[in-house]
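The structure appears below as structure tokens.
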There are 2 protein chains.
Amino acid sequence: MPTSDPSAGSVWLRPERPPRDRRLDRGRIVAAAVAVLDAEGHRGLSMRRIAADLGVTAGSLYWYVNGKDDLLELALDHVLGEVRADPEEPDWRRALGDLARSQRAMLLRHRWVLPELAVRPNLGPNALALAETGLGLLARAGFADADLDAAMAALNDHVVGAVIAEISWRDALARMRDTGTGWAEQAADHLRRVSERHPLLARRMAATREIDVERESVRRFEFALQCLLDGLAARRPR
Amino acid sequence: MPTSDPSAGSVWLRPERPPRDRRLDRGRIVAAAVAVLDAEGHRGLSMRRIAADLGVTAGSLYWYVNGKDDLLELALDHVLGEVRADPEEPDWRRALGDLARSQRAMLLRHRWVLPELAVRPNLGPNALALAETGLGLLARAGFADADLDAAMAALNDHVVGAVIAEISWRDALARMRDTGTGWAEQAADHLRRVSERHPLLARRMAATREIDVERESVRRFEFALQCLLDGLAARRPR
DNA sequence: ACCTGAACACCGTTCAAGT
DNA sequence: ACCTGAACACCGTTCAAGT
């Protein structure tokens with residue numbers, strides 16, 4: 001006798017129940033969160049949104065993570081895993097420079113990471129592994145003890161600070177294009193008035209107007225990086 | 001004949017109506033916002049909370065600011081005004097170093113600023129004035145054109161990056177104290193397992209355990225700062 | 001064990017209506 | 001002009017109840 005009970009009928013008509021009936025796990029949740037963050041930034045992220053993307057209810061997520069803060073910590077460590085370094089590179093300046101460039105590239109791919117970095121401690125497995133490889137490169141370069149910490153911090157700080165400035169520069173430009181010509185005129189007026197009180201700033205802004213943002217960002221990044229490496233070279237034992 | 005109408009009775013019994021009957025202005029709103037942010041951080045801030053502190057309804061704030069984003073931009077520029085520099089200091093290294101130290105102190109007084117810095121462009125009057133004085137110091141030191149921009153960026157980036165790292169270090173320590181001994185044991189277990197895979201990190205963490213965070217933060221800040229200034233000195237014209 | 005659905009206590013923002 | 005009060009469309013989080 002036919003019925004609408006899904007447990008009735010031939011076995012072949014009933015799909016095999018997935019192992020332990022799980023539709024979720026941390027990996028899937030974190031991946032969904034990173035996807036939303038990359039596409040729409042911090043403002044687009046909500047527990048309800050992630051749940052919807054996974055075809056599930058918001059409450060379900062709390063079975064796997066303690067809350068939104070936990071989830072962001074996991075997402076942060078996840079993308080930290082994208083940073084690459086070559087522990088065999090013999091030239092220590094090149095090795096550390098490439099590590100810094102790889103960090104920069106990751107931070108630019110995931111622009112939501114930086115505010116997160118500023119707001120929560122960061123002790124996931126990928127963060128620790130990254131720290132270890134950085135320390136390894138510096139140790140091979142000859143640094144030890146307190147100077148090892150300070151040199152590592154100096155390089156990390158440069159990357160973080162530089163990318164913050166770069167992102168906020170790019171955002172300002174993007175906002176200027178989006179808001180159209182009306183805003184541009186208004187801004188021009190504002191800048192003209194400001195320029196009278198800030199001649200140096202005005203001159204530099206005029207000079208930077210035509211410049212390609214990508215090229216100029218790279219140039220500034222490398223400038224400070226080489227300054228730092230020079231300073232480190234002068235302090236390097238032996 | 002007595003009545004409860006407040007407009008009745010002697011003039012002396014009616015308080016003088018305040019000028020234009022204003023209870024609010026941007027200055028008061030921004031000050032209230034900064035107070036909440038300093039005391040309770042970004043999570044404690046809400047339009048309703050600010051309004052309540054000012055004895056007013058949330059909707060009223062929208063007469064003076066376009067929204068929460070505007071308000072945060074104003075608050076950010078407000079505290080940027082606290083940074084000090086001495087444009088007469090003859091030693092250019094000392095002048096730039098002191099500026100960096102003043103920026104660091106401000107960022108540590110207002111720990112909510114850094115994530116804000118990472119998330120919105122920053123073109124308020126105090127931000128521009130600060131940029132102008134920085135450029136002035138570097139120009140007096142002999143830098144010009146593209147190197148002027150790069151040198152300014154290098155110093156700013158260092159301050160921002162260093163304070164981000166310092167705050168997240170301090171937060172991690174504070175959290176460890178707050179969550180009590182149970183968490184400490186758990187963390188110790190975790191770290192023991194981690195240490196096997198990360199010997200360099202383990203050694204440095206052990207060495208840093210006893211150290212005063214304030215002293216060590218200053219030491220690292222100065223280390224990178226002097227590295228940078230060395231690099232700048234080598235690139236300085238004349 | 002794992003997920004739903006409803007509820008709770010919040011948000012930012014808008015806007016008619018009052019004065 | 002300036003502020004209220006209510007409403008709208010959201011939040012994160014909790015938790016009994018289902019399977």
Side-chain angles (χ1 to χ4, degrees), chain A residues 3-8 14-30 32-33 36-37 40-76 112 115-116 119-120, chain B residues 3-9 14-30 32-33 36-37 39-76 112 115-116 119-120:
Chain A
T3 164
S4 63
D5 181 351
S7 71
R14 276 181 279 119
E16 185 187 16
R17 170 178 278 187
R20 307 258 338 132
D21 210 15
R22 267 164 174 271
R23 312 174 58 185
L24 253 44
D25 59 63
R26 274 201 175 177
R28 285 174 53 86
I29 294 175
V30 171
V36 173
L37 286 166
E40 306 177 33
H42 202 153
R43 302 194 63 150
L45 189 77
S46 76
M47 299 301 271
R48 288 171 149 96
R49 165 67 190 271
I50 297 169
D53 286 356
L54 293 168
V56 110
T57 299
S60 326
L61 304 177
Y62 290 82
W63 186 261
Y64 298 92
V65 291
N66 274 329
K68 202 185 184 183
D69 274 348
D70 261 38
L71 183 48
L72 282 167
E73 221 165 311
L74 292 169
L76 173 57
W112 50 272
E116 238 42 63
V119 101
R120 67 188 78 251
Chain B
T3 162
S4 62
D5 181 351
S7 71
R14 277 181 278 119
E16 185 187 15
R17 171 178 277 186
R20 309 262 331 138
D21 210 15
R22 268 162 174 272
R23 311 174 59 185
L24 252 43
D25 59 62
R26 273 201 176 177
R28 284 175 54 87
I29 295 175
V30 171
V36 173
L37 286 165
E40 307 177 34
H42 203 151
R43 300 194 64 147
L45 189 78
S46 75
M47 299 302 271
R48 287 169 149 97
R49 165 66 190 273
I50 297 170
D53 286 356
L54 294 167
V56 110
T57 299
S60 326
L61 304 178
Y62 290 82
W63 186 261
Y64 299 92
V65 291
N66 273 330
K68 203 185 185 185
D69 274 347
D70 261 37
L71 183 48
L72 282 167
E73 221 164 310
L74 291 168
L76 173 56
W112 49 273
E116 239 42 63
V119 102
R120 67 188 77 252

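Letters A, B, ... are given to chains in the order of the sequence lines, protein chains preceding strands, and every chain is numbered from 1.
Taking CZ of Arg120(A) as the start and CG of Asp70(A) as the end, the distance is 9.0 Å to the nearest 0.5 Å.
Leu61(B) places its CG atom 10 Å from the P atom of dC3(D), with the value rounded to the nearest Å. Rounded to a whole Å, the CD1 atom of Ile50(B) is 11 Å from the C1' atom of dG12(C). Rounded to an integer number of Å, the gap from Tyr62(B) OH to dT4(D) P is 14 Å. One can place NE2 of His42(A) at 14 Å from P of dG12(C), the figure rounded to the nearest angstrom. Look at NZ on Lys68(B): it is 4 Å from P on dG12(C), rounded to the nearest Å. Asp69(A) has its CG atom 12 Å from the C1' atom of dT13(D), to the nearest Å. Taking atom CG of Asn66(B) as the reference point, atom P of dT13(C) lies 9 Å away to the nearest angstrom. The interatomic distance linking Leu54(B) (CG) with dT4(D) (C1') rounds to 15 Å, in whole Å.
Of the candidate nucleotides dG12(D), dT4(C), dC3(D), dG12(D) has the atom lying nearest to any side-chain atom of Met47(A). For Leu24(A), the listed nucleotide lying nearest its side chain is dC3(C); candidates were dG12(C), dC3(C), dA1(D).
Between Thr57(B) and dC3(D), a side-chain N or O to OP1/OP2 separation shorter than 4.0 Å is absent. In this structure, Trp63(B) does not reach the dC3(D) phosphate: none of its side-chain N or O atoms is under 4.0 Å from OP1 or OP2. Here Tyr64(B) reaches the OP1 or OP2 of dC3(D): one of its side-chain N or O atoms lies under 4.0 Å away. Under 4.0 angstrom from either OP1 or OP2 of dG12(D) there lies no side-chain N or O belonging to Arg43(B). Ser60(B) has a side-chain polar atom (N or O) that falls below the 4.0 Å cut-off from OP1 or OP2 of dT4(D).
With hydrogens and angles ignored, the 3.5 Å screen pairs a side-chain donor or acceptor of Arg23(A) with a backbone N or O of Gly55(A). In terms of modelled atom types and a separation under 3.5 Å, the side chain of Arg26(B) and the main chain of Tyr64(B) share a donor-acceptor contact. Using modelled atom types, one side-chain atom of Ser46(B) and one backbone atom of Arg49(B) make a donor-acceptor pair closer than 3.5 Å.
Toward the 5′ end of DNA chain C lies the nearest nucleotide of Gly59(A), the other residue of the pair Gly59(A) and Leu45(B) mapping further downstream. Where Arg48(A) and Ala58(A) meet DNA chain C, the nucleotide closest to each residue was compared, and Ala58(A) sits on the side nearer the 5' end.
For dT19(C), the paired base is dA1(D) (Watson-Crick or G-U wobble, both distances below 3.5 Å). Nucleotide dC8(C) is matched to dG12(D) when pairs are restricted to Watson-Crick or G-U wobble geometry with both distances under 3.5 angstrom.
Contact detail for Gly44(B) and Val36(B): the closest heavy-atom pair is O-CG1, 3.6 Å.
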